[in-house]
There are 2 protein chains.
Amino acid sequence: MWRVLILRRRGRGPWWHNRFEDFGVRVTEPREVVMEVLLDTEEHLTAADIYVRAHELNPAIGLTTVYRTLDILLQMGIVQKFDFGEGKARYELINNSQSKEHHHHLVCVQCKTIVDYYDFVDEELEFIRKTQDRLSDKYRFHIMDHVISFYGICEKCRMKSQE
Amino acid sequence: MWRVLILRRRGRGPWWHNRFEDFGVRVTEPREVVMEVLLDTEEHLTAADIYVRAHELNPAIGLTTVYRTLDILLQMGIVQKFDFGEGKARYELINNSQSKEHHHHLVCVQCKTIVDYYDFVDEELEFIRKTQDRLSDKYRFHIMDHVISFYGICEKCRMKSQE
DNA sequence: CATCTAAATGAAAATGATTTTCATTATCAA
DNA sequence: TTGATAATGAAAATCATTTTCATTTAGATG
C-alpha cells in the first residue's frame, strides 16, 4: 500500500525531481530555477549567462549556487559541459527536445570563431557507438556523452594571411 | 644569385624557423626555448609547466612570453591546445615524433580523472578523414586537427555512489 | 505541527589562469 | 650604424571558478 503512495509521489513534478532524488540531493528552489533556465534555451550558456537569467527569475540566487548546481547536473549526466578554449565553460542540457540537436564544433584557432555543425551525424553515430562500447568495456567507464571538435583556420583568416 | 643565398639561408636551422618566417614573426631566443621544451616532452604541458622548464633553460624568460608564444604556435598549427575542464589549457606539439601518439580522452565527470586512450585509432582515422574532408569543403575550413573526448563515470566513482 | 540535523545557500574572500599595460630591449632591413 | 618596429618581462588587471563560513532551508522524526 505505501508502495503505491511512493510511486505516486515519485511520479509528481517534473522528470528531473526523481533524478535528483536518486542522486541523493535535494530539489531546491535555486536548483529548480537553474533547470528552468536550461530547459528554456537553445544556446550553450556560460555559468554567468545562467546566473543572469536565474537572477531575473529569482534575485535571491547566487552565482556560487549556479556553479554548484551545474556541477551536480554534470555528475548526474543531465548537462554537458563544453570547453573550447574561451577560458570559460559552457553548459547545455543533454537530450533536451527544446535544445539544439546533437552537434559538434569547428574552431578557428586564429579568430576563435566557433561553428556548430550538424552534418554527418549518422556516420558518426555508428563510429561513436562502436568506440564507446569498446572503451566502456576496456576502461570500465559508464560513458554518457562525447565531444568532437575540429580545429583549423577559417576562410576569412586564410584570406587575411595571404595579403 | 641572391636567390641561392636566400634558399640557403632558409635551409639553415631547425624546421620551425621557416614556419616562423612564413608566418611573419621573428625567431627569438624565448621562442626557441619554448620550442625546445615542447620538442623534448611527451606530456601535455600547461603554460605554467612550460614556463618552469623554459625558465630552467633561460631564467630571463617570462610567463607572459610563454603565453604569447603558445598562441602564435597555435595559430601556426604547430601546437594543439587541449581544454578538458581542468580550468587550464594544455599544449602539445602536433606531429612531433618525440611526443605521444595520437590519442583521445575519457573524462570522469565525478572525480575529474582523465584517461588517455590509444585504441581504435584505425577505425577512427577512416571516420575522421571522411568527416574532415566534408567539413573542410562545406565550411571552407582548413582543418588541422581534432579532439575527441568521452565523458562518463569511472568504476571507482560508480562503486562509491552505490554504497 | 514543532523540532532537529544535515544539506544547501549566498556573500565575500581566495585562488589561479590568462591578458593587458607599459616602459625597455632586441631584431633586422636599409 | 641606425631607425622603425616587433618582442619582451614585470606588474597590474581581469575574469572564471572555488573555498570559507555564518546563516537558512528541507524534510525526516517525534
Side-chain angles (χ1 to χ4, degrees), chain A residues 2 5-6 9-10 12-13 17-18 20-35 44-52 54-55 57-76 79 81-91 109 112, chain B residues 2 5-6 9-10 12-13 17 20-35 44-52 54-55 57-76 79 81-91 109 111-112:
Chain A
W2 50 269
L5 281 174
I6 285 174
R9 173 167 290 156
R10 278 183 62 89
R12 271 191 220 130
H17 284 197
N18 293 343
F20 276 56
E21 200 180 300
D22 292 344
F23 195 70
V25 296
R26 293 175 180 169
V27 175
T28 63
E29 168 69 8
R31 290 172 182 172
E32 299 249 40
V33 174
V34 169
M35 279 304 295
H44 320 76
L45 301 178
T46 64
D49 294 337
I50 295 166
Y51 168 69
V52 168
H55 206 260
L57 297 173
N58 181 341
I61 289 166
L63 178 57
T64 311
T65 300
V66 171
Y67 274 105
R68 284 191 282 231
T69 303
L70 287 171
D71 191 56
I72 291 169
L73 294 176
L74 190 69
Q75 289 185 35
M76 291 197 293
V79 304
K81 182 178 180 181
F82 289 100
D83 224 320
F84 13 81
E86 291 176 293
K88 59 192 161 191
R90 291 182 175 274
Y91 299 83
V109 296
K112 324 285 186 205
Chain B
W2 52 269
L5 282 174
I6 285 175
R9 175 167 289 156
R10 278 182 64 88
R12 273 192 218 131
H17 284 197
F20 276 56
E21 202 179 301
D22 293 344
F23 195 70
V25 296
R26 295 176 178 166
V27 175
T28 63
E29 167 69 8
R31 288 172 184 170
E32 298 249 42
V33 174
V34 169
M35 278 304 294
H44 321 75
L45 301 179
T46 64
D49 294 337
I50 294 167
Y51 167 69
V52 168
H55 206 261
L57 297 174
N58 180 342
I61 289 165
L63 178 57
T64 312
T65 300
V66 170
Y67 273 106
R68 284 190 283 229
T69 302
L70 287 171
D71 192 55
I72 290 169
L73 294 175
L74 190 69
Q75 288 186 36
M76 292 198 291
V79 303
K81 182 177 179 181
F82 289 99
D83 224 320
F84 14 81
E86 292 177 292
K88 59 192 160 192
R90 291 182 177 273
Y91 300 83
V109 297
C111 64
K112 325 287 186 202

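A note on names: the letters A, B, ... follow the listed sequences, proteins ahead of strands, and every chain is numbered from 1.
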Interatomic distance, N58(A) CG vs dT25(D) P [rounded to whole Å]
11 Å
Taken to the nearest whole Å, CZ/F23(A) to P/dA8(C) is 10 Å
Grab the CZ-C1' distance between F20(A) and dA7(C) for me, whole Å please.
14 Å
Tabulated below should be each protein N or O lying under 3.5 Å from an N or O of nucleotides 10-17 of chain D; please produce it.
| from | atom 1 | to | atom 2 | distance (Å) |
| --- | --- | --- | --- | --- |
| dA11(D) | N6 | T64(B) | OG1 | 3.4 |
| dT17(D) | OP1 | A89(A) | N | 2.9 |
| dT17(D) | OP2 | Y67(A) | OH | 2.5 |
| dT17(D) | O5' | Y67(A) | OH | 3.2 |

Detail all sub-3.5 Å separations between protein N/O atoms and N/O atoms belonging to nucleotides 24-28 of chain C.
| from | atom 1 | to | atom 2 | distance (Å) |
| --- | --- | --- | --- | --- |
| dT27(C) | O2 | R26(B) | NH1 | 3.1 |
| dT27(C) | O2 | R26(B) | NH2 | 3.2 |

d(CD, E32(A); C1', dA8(C)) in whole Å:
14 Å
N/O donor to acceptor pairs below 3.5 angstrom from side-chain atoms of residues 60-72 of chain A, sequence neighbours left out:
| from | atom 1 | to | atom 2 | distance (Å) |
| --- | --- | --- | --- | --- |
| T69(A) | OG1 | T65(A) | O | 2.7 |
| D71(A) | OD1 | K112(B) | NZ | 3.0 |
| D71(A) | OD2 | Q75(A) | NE2 | 3.0 |

Quick one: closest heavy-atom pair of H44(A) and D49(A), and the distance?
O-OD2, 4.5 Å
Contacts of type side-chain hydrogen bond (donor to acceptor under 3.5 Å, both in side chains), residue D83(B), not counting sequence neighbours
none
By side chain to side chain contact (heavy atoms under 4.5 Å, CB included), which residues pair with V27(A), not counting sequence neighbours?
H17(A), F20(A), E32(A)
Can you check whether M76(A) reaches D22(A) side chain to side chain, under 4.5 Å on heavy atoms?
no
Angle, rounded to 10°, between the helical axes spanning five pairs at each terminus of the helix from dC1(C)-dG30(D) to dA30(C)-dT1(D)?
30°
With sequence neighbours left out, write down each residue that passes salt bridge (Lys or Arg N to Asp or Glu O under 4.0 Å) with E86(A), or none if nothing qualifies.
R90(A)
